[in-house]
Amino acid sequence: MAAIPQFTHPIELLVNGANHRLTVGGSATLLQVLRNDLGLNGPKYGCGFGQCGACTVHVDGVAARACVIPAAKVQGRDITTLEGLGDRLRPHLVQSAFIQAQAAQCGYCLNGMIMTTVALLAQNPHPSQQAVRDALSGNLCRCGTHVEILAAVEHAVAMMANTTSDMAQR
Ligand code: FES
C-alpha cells in the first residue's frame with residue numbers, strides 16, 4: 001500500500017518572547033504545536049472546537065482559543081501561554097491569587113480561567129462582578145468550582161489595586 005504523503009511546511013512562531021522555527025503539518029493547530037512541538041502544556045486540550053476555553057492563550061494580548069487557530073496563521077504575532085506569565089518562583093499576580101484562593105479542584109480549566117482573567121484585567125483593571133462573569137462565561141469548569149474562581153479573580157483585582165497604590169505612594 002502506498003504511504004499517505006505527509007504535507008509539512010516551515011513556520012516561525014514567537015512564543016513567550018522566544019522565536020521558534022518549526023516544521024509542522026499543514027493542518028497543525030496552534031495548540032498542537034505548543035504542546036507537541038514546544039512542550040508547553042499549560043494550554044489544555046478540552047473540546048477541540050473553541051467551546052470550552054481550556055486551550056486559551058494570548059495572541060497579541062487578546063485571549064484566543066489555540067485549538068481552532070491554524071499555527072501558520074499566527075506567524076509574526078506575539079503569543080503568550082500560561083508558562084509565559086510566570087513560574088513557581090515568580091508567579092504572575094493572577095496565578096498567585098488563584099493559588100491563595102485555592103480555586104481549583106481538578107485544575108483542568110485553570111489555564112483558561114487564568115489566561116482569560118489576565119487578558120480581562122489588562123483591559124479593565126477594575127471589572128464589575130458582572131464583567132468578570134461575562135468574561136469567564138465561555139470557560140467551562142466541570143467540577144463546579146465557579147464560586148472559588150470568582151473569588152480568586154476578586155482577590156486578583158484587590159491585589160492589583162494594592163500594588164498600584166503601593167507604587168503610587170513611592
Ligand atoms: Fe479549545 Fe475547548 S479545547 S476551546
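What you see is a predicted model, and the numbers here were worked out from it, not measured in a lab. Remember, it's 1-based here, ligands and their atoms both numbered in the order they're listed.
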At what distance is the nearest protein heavy atom to atom 3 (S) of ligand 1, and which residue and atom is it? G46 N, 3.1 Å
In ligand 1, which numbered atoms sit nearer than 4.0 Å to a non-hydrogen atom of [X]?
X	result
G50	4 (S)
R65	4 (S)
Q51	4 (S)

Any donor-acceptor N/O pair, Q75 side chain to E12 backbone, under 3.5 Å: yes
So does Y45 get a backbone contact from the side chain of Y108, meaning a donor-acceptor N/O pair under 3.5 Å? yes
SG (C52) to atom 2 (Fe) of ligand 1 to SG (C47): angle, nearest 10 degrees? 110°
Only one of I69, L31, V68 clears side chain to side chain contact (heavy atoms under 4.5 Å, CB included) with C55; which? L31
Would you say V15 ends up clustered with L85 if hydrophobic residues are merged whenever their side chains have heavy atoms under 4.5 Å apart, either directly or through other cluster members? no
Where atom 1 (Fe) of ligand 1 is the vertex, angle from C55 SG to C67 SG to 10°: 100°
Please indicate whether Q100 has more than 12 foreign heavy atoms, meaning atoms of other residues, nucleotides or ligands, lying under 6.0 Å from its CD. yes
